[in-house]
Every structure is written in C-alpha cells, then in structure tokens.
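A, B, ... follow the sequence lines: proteins, then strands. Residue 1 opens every chain.
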Amino acid sequence: MEIPYTSKPRPDTGLYNAKVGIWLFLASEVMLFGALFSAYILLRVGAGEGTWPHGLLSIPIGTFNTFVLITSSVTVVLGWASLQVGNFGRYKVYQAITILCAFGFLGIKSFEYRDKFKHYEVWLKNPITVHQGGKEVQTDRLLGHIEYEGHHPYFWNTARLAGSPEIKDKNGKVVKAAVARVESFKFQPDPIHYTMSPKEMAHAKKESFGHPHQEIEIKASDVKRLSAFVPSHSTFFAIYFTLTALHGLHVLGGAIVIFYIWGPGAKMWKTDPQRYMNRVEVSGLFWHFVDLVWIFLFPIIYLL
Amino acid sequence: MQASAHTDAHAHTHDAHHHEPSFLQKYVFSTDHKVIGIQYGLTALSFLLFGFFLMLCMRWQIAHPGQPVPLIGSLLEILIRNTDGTPLLAGGQMSPDVYNIFGAMHGNIMVFLAVVPLAFGAFGNYVVPLQIGAPDMAFPRINMASYQFYLLGGLTWFASIFIPGSAAQAGWTSYSPLASTIASYGQAFLLVGLVLLITSSLLGAVNFIATIIQLRAPGMTWMRLPFFVWAQFVTGFLLLLAFPPLEAAGVMQLMDNLFGTSFFLPTGLAVGGKIAEISGGGSPLLWQHLFWFLGHPEVYVLILPAMGVVAEIIACNTRKALWGYKSLVYSVLAIGFISFIVWAHHMYLTGMGTKISAFFQTTTMIISIPSIIILTCLFISLWGGSIRFNTPMLFALAFLPMFGIGGLTGLPLGFAAADLHLHDTYYVIAHFHYVVAPGTIFALFAGIYYWFPKMTGRMMNEFWGKVHFWGSFIFMNLIFQPMFFQGMAGMIRRMSDGGIQYAQKADAKLIGGLDKVYFDLHTVILWAAVGLAVCQIPFILNLFMSIYKGKKVTNDNPWEATTLEWQTPTPPPHGNFTKEPTVHRNPYDYSLPGAAKDFTPQNQP
Amino acid sequence: MSDHSHSHGEAHGHSPEEVSKHKKVYIAVFIALLIGTVVTVALNYLHFDSKALTIAIALFVASIKATLVACYFMHLISEKKMIYVILGFTTILVIALMVLTLTSYAAFPNGTVTH
Amino acid sequence: MIDSLIATFSKLLQLPVLASENGKPVDELIIYIHWLMIALFAGWFAYFCYCLWRFNSSRNPKADHIGARSHASSWIELFVAGIEVVILVGFAIPMWTRANDVTRLPDADKAVKIQIMAQQFGWNARYAGKDGEFGKQAMKLVNADNMFGVDPSDEKSKDDVTVYNDLHVPVGVPIIAYVGSKDVIHSFKIIAMRVTQDAIPGMRIPCWFKPTKEGRYQINCAQLCGNGHASMAGGYVTVESQADYDKWLASKAGGSTSFE
Ligand code: HEA
Ligand code: HEA
Ligand code: CUA
Ligand SMILES: [Cu+2]
C-alpha cells in the first residue's frame, strides 16, 4: 500500500497530509513564540524604574527590514498563484525575489547586530559631567563608543578591563594568550541615555545634531560596570537577541527550504505538479508565519 | 485476511519492484514505522534500565550514608570526575553532588528518555498506523528524523555524566538560579539535549496527529477508533503544544548559563558570598511557570498511552466491549485540555496569592474527574466478562488499583493547605511513582507481552511472564508504600543522606525529630529495589530468547482480538496491509450475540 | 467540512480569472501592510504622553496586520474546519499561558516585596 | 468523638507532632481527604476483587457483549459521575475557606515580624527590635556587609537584631515571617508548625504561624538548593514565653549580618 493523500486532499477533511502537518507545526510555533512573548512582557513589566533600555535600536533600519519581509511575503503568494495557472516562469521570478529578500533581511540584521556589539554602556563609580542635549549634565551612566589604541573594540566588559593571565595546559603549551590590562580608554558618549523619556530623548538628539562628539578619557578604576550591547547587558538585550536570533533562524530555515523547492527540487513540477504546488504552498505558509512573528516583534522591540 | 501465505507472495512481488534494501536501510535508516517503533522501544528500554540503575545507587546511599557503593563504586570513581579532574566519588562513596547528579538524571532519563519514548515513540509508532489501517505514518522520513533526534538527545545526556564536573544536578525541574550557579557544563548539556528531544517529540507529534487525521482507513470513523489511538492522539497534542514553552525556557536558561544573561536571575543575587556579576532583573518564578506549563501536561503524556494500552488489553481479555466507550473518549479529550491549566499546583508553596491558588485548586480537582471516569469505565468493563488471566492481562489489571492509589494520593496534594505539609516530601515521590512505575511501567510491560507476537510471530513465555509480574508487583509496592509514611512524617525528598541529619541533631529537647523507624524503612526500600531488579532478569531473558525460541503463533491473531493490527500478516510487511482494509464496525465487538465466534474483527462486514 | 469550488487542493482547480482576482487581493493586502507599518512608525514619532496609548495603538495596528496576513496570505479565511479546530485550541492555550502566568505574579499576598 | 477519631487517624497516618494553631486545619484537611480516599479505594477494590473472582473465564466462560446494563449500569453511571463529582467538588469548596485560614495573614500590628534571608546553607533572620519597626531597606544598599540592604542612617534600624540559624519566638503569638533568599531557592519549613514558604531570591514573601508549644524546633530546607541541601539542618527556632523572648531580644545587639 502506498501512503495516500500526499497530493490529493482527503475527501472528508478536504486537506492533503502536508497541509495538516504544517499547520500543526505552526501551532507549536505559536506556543514557542507565545512563551517568549510572555517572558518579554513579564520582564518588561517587572523591570525597575529606568532599567529597561528603549530607543537604542534604529527605527529606520527596522522599518526598512519590515518592508523587506512584507515584500517577500507577497511574492510568495504571488508565486504560488502563478503556479496555479501553470505559469512556471513567473513563479520562478517571484520566488527569486523572495529568496533575495530573505537574505537581504538577514544581511541587514547582522549589520545591526554588529553595530550593537561595539556600542557600550558604562556605569561609573562617581558621576561626571558631560554634554547631553545641549546642556551640561551630571551622570554616572553613559552610552557611547570606546576607542582604544585606535580601534573600536567589540564585546568588552568589566572583566576585560582587568585583563587575564596566560593559561597553559598540562604540557606547558599556551592555550590562551595573556590579555593586557586596560588602564584607561577613550569614550565618545552619546547625547542620550535610555533613562530619558522618549520625548527627552528626541529633544536631546535634536539639540546635539551637528555637534561633534565630545571625547572623554575614562580610567578603568572608575568603572563600576562596563558592557557592550550584548545579551548580558540587560534583560532587554537578552530578550532582544533571543527573539530576533530565533526569528532569524526561522528566516534562514525558510529561505533554505524555499530555495530547495525553487532550484534543485523543481523537477517535481514535471512529474507531479499537484504535489509540487502543495510544497510551494506549505513552505509559503511557513514563510508567512515568520512574517507574522516579525509583525509583532518589530513594534514591541523597536518602538515601545 | 488471515492467509499469510498469500500475503507473503504478494509482498514479495511488491518488493521486487524495488531494490533489495541493505541492512542499513532496513534496520538503521528505516522509514518503516514498525522498525522505527522497535528502535524506539529498545533504546527506551535501555534507558529505563539505566535510570533504574542510577536509582539503585541512590537508594544504597540513602540506606548506608557514607559507605562506598558496592560492586561498582570504584568503577564510578574512575568514570565520574569533578571539574578539576578529582573523582567525585572519593573511595567509591557517593558525595552529595553525585547524589544530586544521579537524582536529576534519574528523573530526566525516566521521563524523557524512557517512558515517553516507550509509550509514545515505540507503541505509538508500531501500533497506531496498524490500528487505523494505514500503510505507514504520514511522513515516514520525518518519523525517522524524530528517532534520530531522540537518540542524539539521549546520548548528549548520557555523555554529560562523564564530562568534567559531570551532569546537571539541579533536579529534573532545573530550577533557576540553582541551575545557573553550578560550575559545570552539565546543565548546558542537559538543555541542549532537551532542545534535541523537544525537536524529536515535535516531529513525532506532528506525524502522529496528521496520520490519525488523514490516514484512517475507509469506514474508520472517529468513533470507531480504538481507545488506544484516541489516547495517542491526545498525547500528540500535549507534546505538540506543551513542549514549546519549555523549549523557550530552555533556550533562555542556556543563555543565562553560557552568555551571562539574567532571564531567571533577579537583581542583587549573591552566590557564595559575592554579588553576582550579572545585570539582574529576571525572575526565578518565570522558569517555574514555563517548566510546569510543560511539566503537568507531561505527566499526562506518561499516563494516557498507558491507559490506552490497558483499555485494549482489558477489552480483549474480558472478551467484551469496553463499557462507556464514548465517556472514555470524552474524558481523555477533557484531560488533554484541562491539563494545560493546572500547572501551578506544583507551585503553591511559592506563596502566590489565595485567588490564583484557588483557581488552580479548582482546575486540579476538575481534572481528576475525567481520570476517575476513565478508571470507572475500565472497572465496569470487567463486569460480565470472561476474564483470561494471561500475563498482559495481569499487568493491565494491576495497573488499575496502582493508578488508583497514585491518583487518589494526588488529591491531598491538590489542596494548597494540605500541600503545605506534603510538598516536597516523600509523599509526593510516592504519589507520582505509583502512577508512573507500577502504573505506567506495568501498562508498558503489558503492552510488550501483548504485541510481542505481532512483532515477532512468537509468544513470550507465560510462566516467566508470571514470575516477572508477581515479583514486580510485590516489590514495587514494598518500595513505594513506605514512602507515604515517611513523607507524611515529614521526610523531605532529594536528601543525599536520607534525612539522617535531622535525626542526629535531634537532641533530647528538640521537638519533632524523625523517629528511627522511618530511617529503618530505607533499608526495606533498598532491598525491595534490589528484589525488583532481580525480577527483571526473567523479563529481559524472556524478551530476547523468545525472539528465537518462543512458541510460534499459529495464526495472525493469537489473542483473537478485533482491532485491525491483528488482521495483517505477522509480522506485517512494509506497507502493512496487503489490500486497503475497510472498516465496518466498532472496535470492540467481542461476544456479539449471534456471531459465530466470540470476536468480530473491525474489517468484517 | 463543506467543500466549495474554492478549495485550493484540487489539481489546477483555479480558473485564470479566479487567480487574477486573488492576485488583486494579495496586492491590496500588501499595500495595506505597508501603510500599517508606516502608520505605526509615524505614530511613534508623535510621542503621546500616555505610554499605555502608544502601546495600545502599536499593538492594535500589529494585530490588524497579522490578521490580514493570516486571513489572506495564509488563506485562513477559507480554510477547512480541522485547521480551525487546531488553531482554536492553540489560541486558547497560548492566551492561558500568558494570562495565568501574569496574573499569578499580580496575586501575591500583601507584604510581598519584589526587587 | 470526632476529635478522638482525628487523633487516632493522625497517628495512623503518621502525621508528626503538631505545635501550632494554624496547623490544626491543615491536619484535619489531610485526615478528611484520606478518609475519602480510603473509602473510595476500599469500595472499588472490593468490587474489583469480586469481579476477578466472579467473571474468571472458568466461572463465566461466555462473556456478555455489553456487560453492566440497564438499571445497574445507569445506577453505576449516576453513582460515579454524580457522587464522586459531588464529593470532590463539594469537598473542595469548604476546603478553600480552610486554605484561606491557613494562608491569610494575621493582623501585622499584633504579630511578631521576622525577616528571613536564606543562603547556602543556613538561615539569617532579622527582628525589628524594641521599637517593633524595621529600618528602611533598599536593594542598592545590599553589599557583602549588608545583606538585608538596611539603611544605617535610619533611626529605626539602630535597634534591629540580626541572627544566624538561631531564631526565638514567643509562644501563643502569631509570627509573620517575610521569607527571601540571597542565592538560590530554598524553602523555609518548620514541620511541627505546619509552615512552609519557598525562599525565592529577588522576592520577600510573607507566611505565618502561631506556636502553641514551648521548645526547640528544627528549621528544614525543603527545596533542593545544592550539595548542602541535606545538611541545611542547622537552623533552630526556640519557642519560649513572652518574658524569655523579650529578654533574649534585649540581649542581642543591633546591626546586620554579612555574607558568611
Ligand atoms: C503520570 C503521572 C501523573 C499523574 C497521572 C498524576 C495525577 C495527578 N497528580 Fe501528580 N505528579 C506527578 C505525576 C502525575 N500526577 C509527578 C511526576 C509529580 C512531581 C513532580 C516533581 O515535583 O518532581 C506530581 C506532583 C503532583 C502535585 C504537586 C505536589 C507537590 O510538589 O507538592 C500535585 C498537586 O496538586 C499533584 C496532583 C495530581 C492530581 C490531582 C492528579 C489526578 O489527575 C489524579 C486523578 C486520579 C484519581 C483521582 C484516581 C481515581 C481512582 C479511583 C477513584 C478508583 C480507586 C480504586 C481502586 C483503584 C481500587 N501531583
Ligand atoms: C517516568 C518516570 C519515573 C519512573 C518510571 C521512575 C521509577 C523509579 N523511581 Fe523515580 N523519579 C522520577 C521519575 C521516575 N522514577 C522523577 C521525575 C523523580 C524526581 C527527580 C528529582 O528529584 O528531580 C524521581 C525520584 C525518585 C526518588 C527520590 C529521590 C530523592 O528525592 O532523593 C526515588 C527514591 O527512591 C525514586 C525511585 C524509583 C524507583 C525505585 C523506580 C522503579 O520503579 C524503577 C523501575 C524500573 C525498572 C523495574 C526497570 C525495568 C527495566 C527493564 C525491564 C529493562 C529491560 C531492558 C532491555 C530489554 C534492554 N525515584
Ligand atoms: Cu536550602 Cu535546600
Ligand atoms: Cu501536576
């Protein structure tokens, strides 16, 4: 006996197997992202005054990426619709756009990530005076960029400032080279801090527009805590990176599947067109779901 | 349909179209649900044995604090090492760390690597497509991937015991912050393995549900499904929808452990006298919520397939229809649904307010009603039967009172006020072991004895089966019954010394120390556990020897059952049925008035 | 499980006219999604004084967009009953997860302190 | 009559000594539920054994397709779906009021208040001192020498008393314990008082008990908290007369405990 309903729908349910499968899978995905969104809400509601970073992500980039993803979503359905009328060439073109969009999205996202890894917050032991929003402000928490020996380093944290000794294994071979201690570093503070309200932040940005960055020297001994915008910076970045990375993995997975069906798997269009269309539809459903998740992700992490 | 000779010939011509499959294709990378089912079964049984072995070491430690583990102590000393390479079992004695490691691994292995894969992966895979008259699962290759992810996850856990610092030691519940404060990669291995296992069960669940929805044979309407299939169907949904939140939680805890985030770590945490270098701002309770959101449905994943197996065997061996088939089906659906909203009964003692705990107490009481209905239906099914006491039936019958004890003792735990005293004592241990060990495990034994002839064409030995049954039955009760008393008296679980420090410190003026009897019971339990182990030897021998030496079955339906799996050739060929079966009747048409035989198969017009 | 001629399953079941009608719907939805995005972002730059209002608007627009995607791109508007059942349960459960978890935090007795 | 039944049952079930007022409803609840459980089990088990004997295939070679039917079946169905539901749910509702009794906090003004801070592997406690009020506390003041985050500049904190593993409480007075932890989750449990409260880092959650018997009791940790979980048994509560308690409190100097 062969497995039935791989391409034709079962009469009483009206569905073919893969369609049932993908919807079940998506149901489980709903629970997965639902749990993460719950965690987001909880951490956010539970965050103390002035500890939840906001306004640190680039809204224009996020918006652009949203457009990219929406576009890819519409090309998927249009491609599938083209197959419905037997227009394989049209389908090929539409899906090519989808795949390009997918990788475009990931490219932009990785660019954003990179930017975060060398953007810092420093908590000082004693407040200092800096320009913020056109006036002099006393503060012990600064955002900004580090310059050290002419580089903008990635991933620094408090421990990095203290350096680390050489590590040798049993045979005396050096497994990890010594890292030199940092005495002091240059810091270019941003004109804003997330402890400001959105309005104050917008104001500060406007005021400082066109002014060059001021540069200060910070002694390592004055630093209470230093962290790049990495997951351990705060629960905000923790959930930001977790959610977007998981979403990114879905984008990647979806793109690979769509590419496989589009390229090497396209032979099936000749042998079993109905099943081929089913595959396109099913991969499309997954793709729309990924888009749908982003529709919620974008406002809650970029805007709120 | 009973003519095997004819089928064999057919199967052969059918196969001739394809290449003769190689050994690898046939047994290792098979996409045949029956082979995958057997793979699941053997792997899960091995893990079951291993989980039991860990527990034997622990029971020894509890009964003999400070003494080396006999026989294998020195071997363990070599194998299990600290992060700095020193042995964790100095002189073959289990340190508290090792006790915690074994405890956490026992819980995790038993639940995720032994019972679920056996009940869902093995029986579900082997039996469900046969019972609904399908040629295979809806997605055979995904089915294979499901097993492979399971194996990989299991091996990850197994391997983690031997890494420096050894495996996870924060209990199977992995509560944060404890799980994030132990200096070993054990917890990370546990979480990675967990993600693999969740992937496996996700693939499995999608496959099962899609198969049951789509591949039922003509005439196999929903209300003609054998109860076992219903149980698996609901179990599939539990796995599908309850596991993802744990996956999310697992990923977050992995981030906490490896990338220094603070999802579950609050501000101001100070471990070992130092303020932790973390951002803080997280919530330890969030982990508990996400864990138990899975945790509770998970326990029904452990029990529902077992109930399914028992129902099949009882119907067959009483030679009559199950009483209240519809009530059974609706109850199992109700359990499935309600099990998602009772989870916080594991968290009463976190101190959440009266209103929310009233809500969870209500749902907990409500969910015991469908369980009672299921059990009652099975009991009433006995009435008017003609009961055959073969080995599968003995195990199935024993399941009923054992589950009854386990289930009933769940009730006091379900009330926040009573749980105040019983929480985290051996009473809880006894409660759930009554459901999972003499409950589920007995049902699984029953299933093995029952379906063995279908898988191999030979019967298992009845005499040794009965020895296995009576030995297991007696020793199981000797192990778990005393725990109720210990727990009620206040003995707390997860004590590496069996609670002895309470007694030692009990100077004359101290009120409420534990009496010596409760510690003496440790010895009883230890020897009962050893007895239980010995009683498994006849089973293991019987299982493997019967494959070659067992009595050959004389026809495809040795138990004279009605469901479709018995209407195939033995063992069923690739593709299962020689021609698509058509279903004409209810699943349990035993002893129909006026019928020629006392059973009428579902595909008989 | 009424089966109209609408079913997407049947082989080449769609007449070209129908498909071009569908395509128009897809394009319309696409434009609606773009507009929705622009609206959310624009509103965000207005900086309402009420934080709750900002959140409510953003989530409202997002829900509309999500509904559009689900209904039209994913064809949920004309899907089979079985799918509705599955998704219905899922929705209930995900809401239960969120609501019960959050309320249980709110329900601690008086005197509970959380940092 | 009921009381002596309860006392006998308490022994039969191996319930440990009870030394608090709040523990009484807990024990009674446990006992009532066990009566119910035993009744259900005994009934079903008797029926079960009867079936196995009566419907053995040698005694009853021909099965009946339907089995229990007509009157019998509908009666049993009614009995099951009806009685058991009623007992359980009907039982449940009065129990919630009990649950309320157990967890509803007594009037804070009339109670002795203690802050508990669990750590691996022991119990810190802080008393409000003579003035009956705790000094101000803040998270940001928490450091290695000041684990309760007490504001030393606050007058009210001057007479606060902190102890390690050695608690004293007066008999016959409600005690409110605000339970927290500085590292992992522990659980504050005094078995004879029937009081249990998880100690969760980042939270401070109140629970209460009202001791009725003077003497020394052990504090147990009921939540897995690491390799010292089993030996986290060094904490004691001494229940004594009000006078002794006052004397003890006065003998303690103020200040705050540090980590280790
Ligand atoms: C298969 C597993 C399984 C099953 C089915 C159940 C079933 C139930 N469980 Fe259990 N439970 C666990 C596994 C299971 N549990 C585990 C593993 C834990 C501990 C986890 C941990 O902390 O590590 C736990 C812990 C646990 C707790 C938390 C305790 C604590 O930590 O303080 C609670 C509290 O409400 C509870 C309640 C219940 C209830 C009300 C049921 C109900 O569904 C039971 C309903 C059944 C009945 C009411 C029986 C009816 C029978 C009859 C009426 C007939 C009787 C007569 C004869 C048989 C002759 N369970
Ligand atoms: C499905 C779940 C399951 C099962 C089946 C078991 C089975 C058993 N468990 Fe376990 N247990 C747990 C789940 C389970 N347990 C969990 C979740 C915990 C809590 C952990 C924690 O604290 O975090 C726990 C904790 C726990 C404790 C408490 C430890 C403590 O708190 O300190 C104890 C103590 O005695 C115990 C004992 C046993 C025993 C004696 C069995 C026996 O019943 C074992 C029976 C097994 C067999 C008889 C083996 C049969 C094997 C074969 C027949 C092999 C055949 C093989 C081939 C053919 C290859 N378990
Ligand atoms: Cu502290 Cu267990
Ligand atoms: Cu539960």
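Of the atoms belonging to B:D497, heavy atoms from both backbone and side chain fall under 4.5 Å from chain D. With a threshold of 4.5 angstrom between heavy atoms, D:L12 approaches chain B through N, CA, C or O but not through any side-chain atom. Proximity to chain D (any heavy atom under 4.5 Å) is restricted, for B:Y518, to the side chain, taken from C-beta onward. Only the side chain of B:Y427 has a heavy atom closer than 4.5 Å to any heavy atom of chain D. Residue contact with chain B, scored on non-hydrogen atoms closer than 4.5 Å, involves the backbone of D:C225 exclusively. Both the backbone and the side chain of B:L397 come within contact range of chain D, each with at least one heavy atom under 4.5 Å from a heavy atom of that chain. Looking at B:I387, the atoms closer than 4.5 Å to chain D (heavy atoms on both sides) sit in the backbone and in the side chain alike. Looking at B:S180, neither its backbone nor its side chain comes within 4.5 Å of chain D, counting heavy atoms on both sides. Heavy-atom distances place the side chain of B:T181, and not its backbone, under 4.5 Å from chain D. Residue D:L224 touches chain B through both its backbone and its side chain, counting heavy-atom pairs closer than 4.5 Å. Interface remark: B:Y99 contributes no atoms to any contact with chain D (heavy atom separation under 4.5 Å). Proximity to chain B (any heavy atom under 4.5 Å) is shown, for D:V184, by both the backbone and the side chain.
A donor and an acceptor atom, one from each side chain of B:N390 and B:N317, are located under 3.5 Å apart.
With chain D as partner, the option from B:S496, B:S176, B:G385, B:G414 having the largest number of non-hydrogen pairs under 4.5 angstrom is B:G385. Most heavy-atom pairs under 4.5 Å with chain B, from the set D:C221, D:A192, D:S187: that is D:C221.
Side-chain atoms of B:S174 do not come within 3.5 Å of backbone N or O of B:A170 as any donor-acceptor pair. A donor-acceptor pair under 3.5 Å links the side-chain atoms of B:S381 to the main chain of B:W323, judged by distance alone. Put simply, the side chain of D:H186 never gets that close to the backbone of D:A118: no donor and acceptor are under 3.5 Å apart.
In this structure, D:R216 forms a cation-pi arrangement with D:Y236, its terminal cationic atom sitting closer than 6.0 Å to the ring centre and no more than 45° off the ring axis.
Between B:S368 and B:L411, some side-chain heavy-atom pair lies under the 4.5 Å cut-off.
Aromatic rings of B:Y175 and B:W287 (six-membered ring for Trp) have centroids beyond the 6.0 Å cut-off, not under it.
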